[in-house]
Amino acid sequence: MSTTTFAIRRQAPQGDPYWQTFALEIDPGQTVLDALNQIKWYHDGTLSFRKNCRNTICGSCAMTINGRSALACQQSVRTELANSLTPNQIAIAPLGNLPVLRDLVVDMTDFWQKLAAVDPYVSTAARQIPEREFLQSPQDRDKLNAAGNCILCGACYGACNAVEVNAAFVGPHALAKAARLVADTRDSATPERLSQYNNAESGVWGCTRCFNCNTVCPVGVAPLDRISEIKQEILATAPVASRNQDRPLRHRQVLVELVKEGGWVDERKFGLRVVGNRFRDVAGVTSIIPLGWRLVRRGKFPLRFEKSAGQAQIAAVITAVQRSSQLAR
């Protein structure tokens, strides 16, 4: 065994955060949770963190490890040392986007309230309840597998850029659960759900597509993919007469336009074209000014934009697909 340094971000209920380091003799094959247990049992019994099953299914030990949301019981010391920017040191901090109660323990109240906001239960209000159970085909049940695997650990929420700058956004965890209900053939509230989720701030259009949620999810739920599925349902069920003025449709159209123009999305133009409708929607432009200011203050607003190296090829592919789609009609 070798000596590994663990730098832990600590904070008392009424105090300021600070970093404390612990040097441990630990087998690299052991987990970060094993290291935290060793610190608490033999070095400092006041260290606070959550844990439960230690089998990567309860989600209790989600925290920030080397700058990335993860489950402490899932990450090995060896893997985290390989990912660390500081030689032979692992940095551990509480989840982001949530108030710290003590050390690595965060207040999950906002997380649970936003989950409740999407009404994450199958609705049968408009259906006759059968005598025994609702039956589904294996094919219909398979549609629920990805979102159904969510263990509500909070890793995606802690890593979400949209949550950081927009308090109204319900979060990737809630929308992943929402996608499960939209896909569930037993649910009778799909139109109402799609109307609720079709919101520029709290709903699916508040997602910034940063991909962090997919990257950190410990069980492969891929929340960003689930959010995209809800968007597809919204677009597929939107009345044809209203589509030219529909913000969700503009969202997709502008996304394609910007990728075609620059190879990737110029976020400076995206909000103005989608929410502000190219300055034609004064209320929309006004609504995004506070968000833009928060992005500037936190250093998340890009001041420059450069086209990707393969922009010409990307534009050619998009043009070919668009022509093919027009011919197919």
Side-chain angles (χ1 to χ4, degrees), residues 29-37 49-80 82-83 90 92-98 104-106 108 110-122 136 138-164 169-184 187 197 204 207-231:
Q30 291 185 273
T31 66
V32 172
L33 183 57
D34 290 327
L36 290 173
N37 282 332
F49 55 93
R50 288 191 175 110
K51 63 175 182 177
N52 195 9
C53 71
R54 301 183 69 181
N55 288 298
T56 324
I57 47 178
C58 75
S60 297
C61 62
M63 56 191 67
T64 303
I65 306 173
N66 282 334
R68 176 178 178 271
S69 297
L71 298 183
C73 71
Q74 186 179 43
Q75 304 305 115
S76 72
V77 171
R78 178 182 292 108
T79 299
E80 291 305 325
N83 294 334
I90 297 174
I92 305 174
L95 281 178
N97 296 327
L98 291 164
L104 305 177
V105 179
V106 294
M108 302 284 285
D110 192 54
F111 176 87
W112 297 119
Q113 288 178 342
K114 288 182 175 179
L115 176 65
V118 303
D119 192 19
Y121 310 102
V122 174
Q136 285 185 302
Q139 293 77 17
D140 286 337
R141 179 60 184 81
D142 287 344
K143 296 177 183 177
L144 312 180
N145 288 342
N149 288 335
C150 178
I151 58 176
L152 296 173
C153 64
C156 64
Y157 193 87
C160 179
N161 282 334
V163 169
E164 183 177 355
F169 183 55
V170 294
H173 71 300
L175 291 174
K177 287 291 185 182
R180 182 210 178 283
L181 294 163
V182 169
D184 198 322
D187 188 78
Y197 307 151
V204 292
C207 170
T208 60
R209 307 164 312 283
C210 66
F211 209 77
N212 285 350
C213 56
N214 278 18
T215 301
V216 303
C217 180
V219 290
V221 172
L224 179 60
D225 294 3
R226 310 287 78 79
I227 293 172
S228 297
E229 290 170 357
I230 298 177
K231 290 179 179 178

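When a residue number appears, it is its place in the shown sequence, counting from 1. These numbers come from the heavy atoms of this one structure, side chains and all, not from hydrogens, waters or symmetry mates.
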Taking [Y]'s backbone N and O only, do any of them form a donor-acceptor pair with [X]'s side chain (distance below 3.5 Å, no angle check)?
| X | Y | value |
| --- | --- | --- |
| Asn149 | Val219 | no |
| Arg68 | Asn83 | no |
| Thr79 | Gln75 | no |
| Ser69 | Thr64 | no |
| Asn214 | Leu224 | yes |
| Asn97 | Tyr157 | yes |
| Arg50 | Val106 | yes |
| Gln74 | Pro218 | yes |
| Asp187 | Ala183 | no |

State which residues pass ring pair (Phe, Tyr, Trp, His ring centres under 6.0 Å) with Phe49; sequence neighbours excluded, sorted by chain then number.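 Per chain and number, Phe49 pairs via ring pair (Phe, Tyr, Trp, His ring centres under 6.0 Å) with no residue.
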Under 4.5 Å between any side-chain heavy atoms of [X] and [Y], yes or no?
| X | Y | answer |
| --- | --- | --- |
| Phe169 | Val204 | no |
| Cys217 | Pro223 | yes |
| Tyr197 | Val170 | no |
| Leu115 | Lys177 | yes |

For Pro172, run the side chain to side chain contact (heavy atoms under 4.5 Å, CB included) check against Cys150, Cys207, Cys156 and tell me which one passes.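 Of the listed options, the one satisfying the test is Cys156.
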Can you spot which of Ile65, Ile151, Leu33, Val32 makes a side chain to side chain contact (heavy atoms under 4.5 Å, CB included) with Leu71?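 Among Ile65, Ile151, Leu33, Val32, the one meeting side chain to side chain contact (heavy atoms under 4.5 Å, CB included) with Leu71 is Ile151.
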Quick one: closest heavy-atom pair of [X] and [Y], and the distance?
| X | Y | value |
| --- | --- | --- |
| Leu104 | Ala93 | CD2-C, 3.6 Å |
| Thr31 | Cys73 | CG2-O, 3.5 Å |
| Asn66 | Ile90 | OD1-CA, 3.7 Å |
| Asn52 | Ser60 | CB-OG, 3.5 Å |

Give, for atom [atom1] of [X] and atom [atom2] of [Y], the distance between the pair rounded to the nearest 0.5 Å.
| X | Y | atom1 | atom2 | result |
| --- | --- | --- | --- | --- |
| Ile227 | Leu175 | CD1 | CG | 4.5 Å |
| Arg180 | Ile230 | CZ | CD1 | 12.5 Å |
| Cys210 | Glu164 | SG | CD | 9.5 Å |
| Lys51 | Cys58 | NZ | SG | 11.0 Å |
| Ser76 | Asp34 | OG | CG | 10.5 Å |

Measure up the Phe111 and His173 rings against each other and bin them: parallel (under 30°), tilted (30 to 60°), perpendicular (over 60°).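 Ring orientation of Phe111 relative to His173: parallel.
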Test Asp184 against every option in Lys143, Arg141, Gln136 by the side chain to side chain donor-acceptor pair (under 3.5 Å) rule and name the one that passes.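 Of the listed residues Lys143, Arg141, Gln136, the side chain to side chain donor-acceptor pair (under 3.5 Å) partner of Asp184 is Gln136.
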